[in-house]
Amino acid sequence: MSDFPTRLPYVQAHAIVDAVARRSPLPVEQLSLTEAIGRIAAEDVVATIDLPSFDNSAMDGFAFRHADLAAASASGLVIAGTQFAGRDLQLAVGKGEAIRITTGAPLPAGADAVVIREMTRVDGARLFIEGDVRQGAHIRREGEDVRAGDLVIRSGSSLGAARLSLAASLGVSRVAASRRPTVAVFTTGDELVEPGLPLRRGEIHDSNRTLLMGLLRNEGLQPVAWPILPDDPARMAAALQDAASSFDLVITCGAVSAGEKDFIPGLLQSDGAVHFWKVMMKPGMPLLFGRLGGAHVLGLPGNPVSVLATWLTLGRALVDGMQGRAEPRLRWFAQLTSAFDKRHARREFLRGRLQPGDDAILRVAPEPADGSHRLAGAARSDVLIVLPEDERLFDAGAVVQVLPY
Ligand code: AMP
Ligand code: MG
């Protein structure tokens, strides 16, 4: 008897994953800027200073009064001082004068243009300008990039290198970010053998562990893999309970379909809770989502391409939600190079190879080897092509969403 939803439309499964994830957000940590890379901000960052915080030169050259330009070409200007990048010497340019300056150096008072060194000739203590310079040239104005009081990083957004360096330039040295979820990874099946060991007939190498560990690490997670679990309900229960007592998220693959040895749905039902089982997606239909002790449990189907599709969609949505991510992930689109007939009403995730063209149109070629066990097809590809439920026939040239991996 099941008291949980099953065979859910994809969008509904996504909504449940998102809601459950956000119900118990991970704790917030204060991190140094280098530690925070890839994390999700847990607080807004508001600028307390202007950027630039003083008018300064954008180039190496000379600061002068633009009104002196004609004089500067004819009879030259007096080089009255030098201001390098560094402490402000509080210099001023008088009429008929120029100050030698470097990039980032405070602009001397009275200067309203900078001429680049390459456009000048120095003769003793005189500077000659060769060519035209517009008023305001090569001057970076105080506050033109950021104003004190500006919201520069929004809580819930991802902390990429550019955002963290902006925080640094504002003088911020630590940021509040969600802790990363800890993740335990299990592969299951009596047929599985570690890569590097020989196979007897009927056995296969465990490829999903490598796939999952790689996909998780790509998201900045540091998953811990358990030894392969045999198809033995007692051993499975013990290992999963153990992991659930100390990890935020337990991911299994295999043993979630309708086979005699697919023990995980029953185990969650008896020892934990099931949020849903089976999603109207292809591949990845048998996906299981539940809870065991204090841990979220994602039971991914065993077929390699199902692992890819379920992780990139609902798995990532779960860890995004746990970390309080509010910024939507970028969505990428491409044109199909050939027609595709989907022949079912589920959401399909087809492997595809991107073909960037000289015409700036991104195209994607569907991979013909589309069985969910066809790992070579996935390895030849670089995206999953998302084919929505309500359409069947996709013409060549149709615009489809793609999920890069
Ligand atoms: P299952 O859902 O356990 O019946 O697995 C579905 C298919 O995926 C079977 O062909 C399994 O042999 C295969 N499979 C399960 N786990 C792995 C794994 N870790 N690596 C490679 N293939 C797997
Ligand atoms: Mg199995």
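Just follow the structure's listing: the first ligand is 1, and inside any ligand the first atom is 1. Values in this document were obtained by computation on a predicted structure and should not be read as measured data.
Donor-acceptor pairing under 3.5 Å is recorded for the side chains of Gln323 and Arg180. In the model, Ser155 has no side-chain atom that pairs as donor or acceptor with a side-chain atom of Glu43 under 3.5 Å. Between the side chains of Asp248 and Thr182, at least one donor N or O lies within less than 3.5 Å of an accepting N or O.
Cation-pi geometry between Arg121 and Phe128 is met: under 6.0 angstrom from the ring centre, within 45 degrees of the axis.
At a 4.0 Å heavy-atom cut-off, the residues surrounding ligand 1 are Thr187, Thr188, Glu191, Leu192, Ile204, His205, Asp206, Ser207, Asn208, Gly254, Ala255, Ser257, Gly302, Asn303, listed by chain and number.
Between Phe276 and Phe289, the gap from one ring centroid to the other is short of 6.0 Å.
Within the structure, side-chain hydrogen bond (donor to acceptor under 3.5 Å, both in side chains) contacts touching residues 216-228 (residues at least two apart or in different chains) are Glu219-Arg316, Glu219-Arg329.
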